[in-house]
Amino acid sequence: MEELPKTYNPKDTEEKIYKLWEDAKAFEPKIGSRSTVDGQRPFVIAIPPPNVTGSLHMGHALNNTIQDILIRRSRMKGVPTLWIPGTDHAGIATQNVVEKKLAKEGKNRHEMGREAFEKEVWAWVDEYGHIIIDQLKKLGCSCDWSRQRFTMDEGYSEAVKTAFKHYYDKGWIYQGERVINWCVRCQTALSDIEVEHLDQKGKLYFFKYDKNFPISIATTRPETKLGDTAVAVNPEDKRYAEFVGKTFKVNFVGVEREIKIIADPNIDMKFGTGAVGVTPAHSLIDYEMAEKNGLPIIKVIDTLGKMTAEAGKEYEGLKAVEASQKVLDRLEQKGLIEKTEEIDNALSVCYRCNRPVEPQPSKQWFLKMSELAKPAIEAVEKGEIKFSPPRWKKVYLDWMENLKDWCISRQIWWGHQLPVWEVEIKDQRSKIKNTIYVGDNPPEGYKQVDDVLDTWFSSALWPFAALGWPQNERHPESSDEGSLSLSENRHSSEILRSTQNDEINDLDYFYPTTTLSTARDIIYLWVARMIFSGYEFTGKKPFDNVYIHPTVFNKDGQRMSKSLGTGVDPIELIDKYGADATRFGLAYINTGTQDIKFDENAILASQKFCNKLWNIARFVMIQMGHPEQSEGSGSLSANPASAGDSSLTLRMTPKTSPSLKLRAASDADKKILDSLDHLIISVNSNLDSFRFGQAAHDLYDFVWHDFADIYIEESKKQADDNTKAILLSTLTQSLKLLHPFMPFVTEEIWQTLYEQKLVAEKLLINASWPEHKSK
RNA sequence: GAGCCCGUAGCUCAGUUGGUAGAGCGUUGCGUUUACAUCGCAAAUGUCGGGGGUUCAAAUCCCUCCGGGCUCACCA
């Protein structure tokens, strides 16, 4: 063992230490028997699988630091602990990335065809999909990499098909024609929550369709008015009461239309003119009104965002914006525009590409939500699943209680193709489409539908599918048929731990998981859907706790965004300050609020803190090993003289044992041991309630001030064996408590302590976690 | 329109059950004594957004207003 250098250098240790853990298989829980420590269930976290296309951002860094803290502490407690990692295929996001790459090469997916395109994406995933995983390792994440999953590996795809068939057989999946959110850029349907609303200034135009029409209307999108088939007014509105039920023929900017006046209680009499032009084809609400009132539907904008033939010859082929201007010009010419107002408007955009969403009538697949929502609401209401901070419970419930059916089909190529095969059977009168769900063998002549499932459909299954559902599911009646031919499946065969017979498998042993830690913006997209999926497919909750971590903004309070250049790259922080400093700093600033304005100083302070700890260790080791060591005498290592002293080794039992407390000879001794006791209590209770920042503050204050500034200084005046024992014990306890936060330095120091026989356990990662016994 | 979060030292933020304001960075002065200059000691700086209320006592609980941010919602 070399002498410890004066300053801690992360670059010398991080890679080496990570390898040490991996070689020791320290991240892989043993599932040999059913018994667990103190009857406790295993502690399990299923990582929010990052997109394969992703690279680590601050949110990831924070979230995965949090998870690793929980995981490492649990492991040290002696509880069987699993952190299961993986990546998400991220349908639209990944397809967009690959399409962009192809565009640079002058190719596009339509020319190359679906099969070739999918190959391209797989190649892309093989080449770049590991990047984010490597970055997680750099951060120090102690995931069990032997269990790593991908939401499109074979076993997982099986899970998706099984889930789909299950819903379909229950009659909850149906195909329907209705107005959905359509992204003109991504060329696919989106679900309601995949649409974001940007506040914008807009213009509200007041006009009449033509001069013979009795009612003025107001709109922000004149071109859509070409598709109007009605005007809706509030039934209470006396101004228009006389017209309700009548139909007027109009010539609207050169296009002949019939407009019926209808009454609808949702119309706000105070807004605009109190009369709304109803555009059934391009507005979700208007579509509903049209259905109620039997209105015709005229589609005037196509899936590319251009005007259709139905919009009229003059407008056909124009982009929506162009058509809008043309309509306005025509109205102007005819003197039909009454006024224009500036208003605040919400522009609907795609959450993946930020381009405007164009509502379109379209035939899509939907999942009925009413039944699924019930147990998911109840579980959270009754506290079976707990949100932390608790206010997110309300956010979750508000959404769940107003759930609409989920549009699950997407018109892209990258994803789980719907396990639906169709064939057209010719009837005498007409053609009838027969839809057949197929597990394995679609009948002759059937063709699989093109659509792919929403990425979140597969993410929703994550906690149990990642653990081997449905293959690992127990079927008591027919257990050993082995009909699943998984032999060719590389991934699945690795994953299916002990599927056979009475041996315990991962799903049995590790599910339900314990804690989910994630960002608030995917409570609906992901968390809610995992909850109802969990109950539906396993009959159990997917996790006990949901921890919603703060959002990390930059110093100016702006959202961190790569494209806007407002982000901070955590990998750069790791390179600059070390992984431990990055982690500790993130934990340190994760206090009460739900927003973090990121300040790099926190990482800098943590780097200094790592160094402080390092030098405390140096000091203690010098005390232990070289009582009379002279300046510059070289190695700290080969001096087992006092280290080998058995009485001293005994004192090294890491718990703040009462025996050690009794030795508190001086006030300083007493004080440091008391403080350590309090620290153990506070760190444990803070971590139990997800108060990471508070735990980090307490650790920082104790180690730096109570230990280094005060006790170490005092210890210099009372250099007896008892003091040494307290120094060493305080150090080892601090290392243990800090290990989940700063795994690398603490392990590195521990290794030196071990080599000097100052501690008994070989790896800190396996050492026992300090608990306050008297409680 | 509904809901949520925040407003404490120049900056970024702590301040679990109410009890005479704290840290890091920055600023000023001193300091190389058995680890650490990525250090130590000391110092300065706050009407705890404004106002009202409860209380012996409020940054901490209640009300209200102002300011900043977020989310949901069928205001065309």
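Only this structure's heavy atoms are used, side chains among them; waters, hydrogens and symmetry mates stay out. Here is the naming used below: chain letters follow the sequence lines, and residue numbers restart at 1 for every chain.
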Participant: A:D599 has a side chain; which of B:rC75, B:rU71, B:rG24 sits nearest to it?
Facilitator: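 Per side-chain heavy atoms of A:D599, the pick is B:rG24.
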Participant: Are A:R257 and A:F213 in a cation-pi setup, meaning NZ or CZ lies under 6.0 angstrom from the ring centre and within 45 degrees of the ring axis?
Facilitator: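 Not satisfied by the 6.0 Å and 45° rule.
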Participant: Could you measure the distance from the OG1 atom of A:T229 to the CE atom of A:M289? Nearest 0.5 Å is fine.
Facilitator: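 Answer for the OG1-CE pair, A:T229 versus A:M289, is 10.0 Å.
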Participant: Hey, which of these two, A:A346 or A:D398, hits RNA chain B nearer its 5' end, going by closest nucleotide?
Facilitator: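 Result of the comparison: A:D398.
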Participant: For A:Y588, which contact category applies under a 4.0 Å heavy-atom criterion: base, sugar-phosphate, or nothing?
Facilitator: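 The answer is sugar-phosphate, as A:Y588 gets under 4.0 Å only of primed atoms, P, OP1 or OP2.
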Participant: Roughly, in whole Å, what's the span from CG in A:L284 to P in B:rC74?
Facilitator: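 Between P of B:rC74 and CG of A:L284: 9 Å.
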Participant: State whether A:K608 places a side-chain N or O below 4.0 Å from either non-bridging phosphate oxygen (OP1 or OP2) of B:rC25.
Facilitator: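 The answer is yes; a side-chain N or O of A:K608 sits under 4.0 Å from OP1 or OP2.
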Participant: Rounded to whole Å, please give me the gap between CD1 in A:I712 and P in B:rC39.
Facilitator: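 So the two atoms are 15 Å apart, to the nearest Å.
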Participant: Under 4.0 Å: is that the gap between some side-chain N or O of A:K404 and OP1 or OP2 of B:rC74?
Facilitator: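 So the side chain of A:K404 is within the cut-off, an N or O lying under 4.0 Å from OP1 or OP2 of B:rC74.
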Participant: OP1 or OP2 of B:rG40 versus the side-chain N and O atoms of A:W704: is any pair under 4.0 Å?
Facilitator: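 Checking B:rG40 against A:W704, a side-chain N or O does come within under 4.0 Å of OP1 or OP2.
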Participant: Just the rounded figure in Å: distance from C1' of B:rU38 to OH of A:Y700.
Facilitator: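 Going from OH in A:Y700 over to C1' in B:rU38 covers 10 Å.
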Participant: Between A:E600 and A:K576, is there a side-chain N and carboxylate O pair less than 4.0 Å apart?
Facilitator: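 Yes.
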Participant: Between the side chain of A:N63 and the main-chain N/O of A:G59, is any donor-acceptor distance below 3.5 Å?
Facilitator: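 Not confirmed, A:N63 side chain does not pair with A:G59 backbone.
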Participant: Rounded to the nearest Å, what distance is computed from the CG atom of residue A:L613 to the C1' atom of nucleotide B:rC36?
Facilitator: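 Distance, rounded to whole Å: 11 Å.
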Participant: Between A:S729 and A:I726 (side chain of the first, backbone of the second, donor and acceptor by atom type, cut-off under 3.5 Å), is there such a pair?
Facilitator: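 No, A:S729 side chain to A:I726 backbone: no donor-acceptor pair under 3.5 Å.
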Participant: Taking only side-chain nitrogens and oxygens of A:K612, does any of them come within less than 4.0 Å of OP1 or OP2 of B:rG40?
Facilitator: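 Checking A:K612 against B:rG40: at least one side-chain N or O falls below 4.0 Å of OP1 or OP2.
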Participant: Round to a whole Å and report the spacing from CG of A:D344 to P of B:rA73.
Facilitator: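 Roughly 18 Å, once rounded to whole Å.
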Participant: So, does A:Q694 get its side chain near the phosphate of B:rG15, meaning an N or O under 4.0 Å from OP1 or OP2?
Facilitator: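 Result: yes.
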Participant: Treating A:D599 as the side-chain partner and A:K555 as the backbone partner, does any N or O pair qualify as donor plus acceptor under 3.5 Å?
Facilitator: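 Not confirmed, A:D599 side chain does not pair with A:K555 backbone.
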Participant: Calculate the interatomic distance between A:I603 atom CD1 and B:rU12 atom P; express it in whole Å.
Facilitator: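 That distance rounds to 16 Å.
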Participant: Would you kindly compare A:M269 and A:D199 by the position of their nearest RNA chain B nucleotide and give the one closer to the 5′ end?
Facilitator: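 The residue closer to the strand's 5' end, by nearest nucleotide, is A:D199.
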Participant: Ignoring backbone atoms, test whether A:N601 places a side-chain nitrogen or oxygen under 4.0 Å from the OP1 or OP2 oxygen of B:rC13.
Facilitator: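 So the side chain of A:N601 is outside the cut-off, no N or O lying under 4.0 Å from OP1 or OP2 of B:rC13.
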Participant: Is the distance from OP1 or OP2 of B:rU12 to the nearest side-chain N or O of A:K555 less than 4.0 Å?
Facilitator: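 The answer is no; no side-chain N or O of A:K555 sits under 4.0 Å from OP1 or OP2.
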Participant: Measure the acute angle between the ring planes of A:H549 and A:Y547, then classify it against the limits of 30° and 60° as parallel, tilted or perpendicular.
Facilitator: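 Correct class here is tilted.
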Participant: Looking at A:T591, I'd like to know whether one of its side-chain N or O atoms comes within less than 4.0 Å of OP1 or OP2 on B:rA14.
Facilitator: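 Yes, within the criterion.
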Participant: Within the 4.0 Å heavy-atom criterion, would you say A:R520 contacts the bases, only the backbone, or no part of the nucleic acid?
Facilitator: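 Here A:R520 touches the backbone only, sparing every base.
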Participant: Contact class for A:F609 (heavy atom, under 4.0 Å): base, sugar-phosphate, or nothing?
Facilitator: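 If one applies the 4.0 Å heavy-atom cut-off, A:F609 turns out to touch nothing in the nucleic acid.
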Participant: In what stems does RNA chain B take part, counting only runs of at least 3 consecutive Watson-Crick or G-U pairs whose two distances fall under 3.5 Å?
Facilitator: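 In RNA chain B, stems of three or more pairs: B:1-7 with B:66-72, B:10-13 with B:22-25, B:27-31 with B:39-43, B:49-53 with B:61-65.
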Participant: Is there a donor-acceptor pair closer than 3.5 Å between any side-chain N or O of A:S283 and the backbone N or O of A:D286?
Facilitator: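 It does hold such a pair.
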